[in-house]
Number of protein chains: 2
Amino acid sequence: MTDQDRPGFDLDEFLPYLLNQAAEAASLGFQEIYRDRYGLTRTQWRVLANLGRFGAMTARDICAISHVEKTKVSRAVAALDRGGLLRRRPSDTDGRAEILDLTDRGQGVFAEIGLCARDYDLALRQRLGAGAAGDLTRVLRAIIAAR
Amino acid sequence: MTDQDRPGFDLDEFLPYLLNQAAEAASLGFQEIYRDRYGLTRTQWRVLANLGRFGAMTARDICAISHVEKTKVSRAVAALDRGGLLRRRPSDTDGRAEILDLTDRGQGVFAEIGLCARDYDLALRQRLGAGAAGDLTRVLRAIIAAR
DNA sequence: TTGACCTGGTTGCATTCGCAACTATAAAGG
DNA sequence: CCTTTATAGTTGCGAATGCAACCAGGTCAA
């Protein structure tokens, strides 16, 4: 492998590439918690986290908030339901929709993982420095909003 | 859905979550180029980009540089080979390893996608502002390095 | 009320992924 | 040499994904 310059664009400066690598790196350690300790997939954890954070809502709402495909959400909801972490209740204003909400057990799991998440996030922010972490948050939000 | 505060950690501030969403958002538009126009998967594009940027190397090197699982790289290499974008040549110093290098066609595809990538990246940086983009790059590198 | 269209959610199917097991070669130590 | 251990790369298999098709319930207008 030669590391001399080649013509063309520079991969190391390509933001989507850097973002993906950083996201992967940041998610890797944390994934072990929800996966190994609770048997959850990333999507399942996300659905759980959204319900835990924002309270009861429909699958459609979760899609809108988290920008996750509805079929992914659908299957994650089914899995969480099977696992007893979430309850589904028919909406009384829309016969198609279901109101999703965490069960007590779901709340418990969310609280436990949430504590780990807080620690994990804190450690990461400390490594980056408070200022950089704050700036990062702002820029990431801008990127997300621009989709 | 209620958006009142709930106890526990705040999902909106969780860096791995923000990073994943931002990475997804940033990759989405660009993905259409290598996927729809060239039939490449993300991993295939990454392998191609690394070979295009850094020149001939082994699959193992690509794994080390890009932090991608070796089985993913293996399959991407096989696909690129089938597509005639890449050549494999046995290493003369290690009977297990193969030296990978882009064919002329592979170079061409890399150059074409590279131009689009450059534009895409430039547009993204302009939206964020030059200063913010530079800081972002630095912080992302720090996160990636800390894995 | 009826018909045309829209929307929340699920399912089928082909593709991709992750992990473990495997093959073949290399390296190190006796 | 021969045995042991490590490494480059591939493959099998179950799980997760993406996309299109689908079902059932709304919406809106004539």
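Sequence lines set the chain letters: A, B, ... in the order given, protein chains first and strands last, and positions in each chain run from 1. Keep in mind that this is a model prediction, so the values were computed, not measured.
- Aromatic ring pairs are classed by plane angle as parallel below 30°, tilted from 30° to 60° and perpendicular above 60°; the pair A/Phe9 and B/Phe110 is tilted.
- With sequence neighbours excluded, the residues satisfying side chain to side chain contact (heavy atoms under 4.5 Å, CB included) with A/Arg37 are A/Ile33, A/Cys116.
- In the region residues 18-30 of chain A, proximity to DNA chain C at under 4.0 angstrom, judged on heavy atoms, holds for none of the residues.
- Of the residues in residues 79-90 of chain A, A/Arg88 come within less than 4.0 Å of DNA chain C through at least one heavy atom, sorted by number.
- Whole-Å rounding puts the B/Ile62 CD1 to D/dG9 P distance at 9 Å.
- With sequence neighbours left out, A/Arg35 forms a salt bridge (charged side-chain N to carboxylate O under 4.0 Å, His left out) with no residue at all.
- Under the ring pair (Phe, Tyr, Trp, His ring centres under 6.0 Å) criterion, B/Tyr120 pairs with B/Phe30, sequence neighbours left out.
- When the P atom of C/dG9 is taken as reference, atom NZ of A/Lys72 falls 17 Å away, rounded to whole Å.
- Between the side chain of B/Ser91 and the backbone N or O of B/Glu98, no donor-acceptor pair lies under 3.5 Å.
- Not counting sequence neighbours, B/Asp119 has no partner by the salt bridge (charged side-chain N to carboxylate O under 4.0 Å, His left out) test.
- Not a single side chain to side chain donor-acceptor pair (under 3.5 Å) links B/Glu69 to another residue, sequence neighbours left out.
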Heavy-atom protein contacts under 4.0 Å, nucleotides 19-29 of chain D, coded B base, S sugar-phosphate only, - none: B----BBS---
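- Put simply, the side chain of B/Asn50 gets close to the backbone of B/Arg46: a donor and an acceptor are under 3.5 Å apart.
- Phosphate proximity of C/dC17 to B/Thr43: present, with a side-chain N or O under 4.0 Å from OP1 or OP2.
- Using a distance-only test at 3.5 Å, with no hydrogens or angles considered, a donor-acceptor pair links the side chain of B/Arg105 to the main chain of B/Gly83.
- Rounded to an integer number of Å, the gap from CD of A/Gln44 to P of D/dT17 is 8 Å.
- Taking 4.0 angstrom as the limit, A/Ser74 places a side-chain polar atom (N or O) nearer than this to OP1 or OP2 of C/dT10.
- Taking atom CG of residue B/Asp61 and atom C1' of nucleotide D/dT7, one finds them 13 Å apart after rounding to whole Å.
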For residues 128-145 of chain B, tabulate all N or O donor-acceptor pairs below 3.5 Å that involve a side-chain atom, not counting sequence neighbours.
from     : atom 1 : to       : atom 2 : distance (Å)
B/Asp135 : OD1    : B/Arg138 : NH2    : 2.8
B/Thr137 : OG1    : B/Ala133 : O      : 2.9
B/Arg141 : NH2    : A/Asp12  : O      : 2.9
B/Arg141 : NH2    : A/Glu13  : OE2    : 3.1

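- Partners of A/Arg42 by side chain to side chain donor-acceptor pair (under 3.5 Å), not counting sequence neighbours: none found.
- Atom CH2 of B/Trp45 and atom P of C/dT16 are 18 Å apart (whole Å).
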Which atom pairs link the protein and nucleotides 3-5 of chain C when you take only N or O atoms and keep those under 3.5 Å?
none

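- Comparing A/Arg42 and B/Leu100 by the nucleotide of DNA chain D that holds the closest heavy atom to each, the one mapping nearer the 5' end is B/Leu100.
- No more than 12 heavy-atom neighbours from other residues, nucleotides or ligands sit within 6.0 angstrom of CG on B/Asp104.
- Of all nucleotides listed (D/dG9, C/dG9, D/dT17), D/dG9 comes nearest to the side chain of B/Thr58.
- Comparing D/dG9, C/dG9, C/dC17 by their closest approach to the side chain of A/Arg60 singles out C/dG9.
- Remark: A/Arg127 engages no residue in a salt bridge (charged side-chain N to carboxylate O under 4.0 Å, His left out) (not counting sequence neighbours).
- Side-chain atoms of A/Asp121 do not come within 3.5 Å of backbone N or O of A/Ala117 as any donor-acceptor pair.
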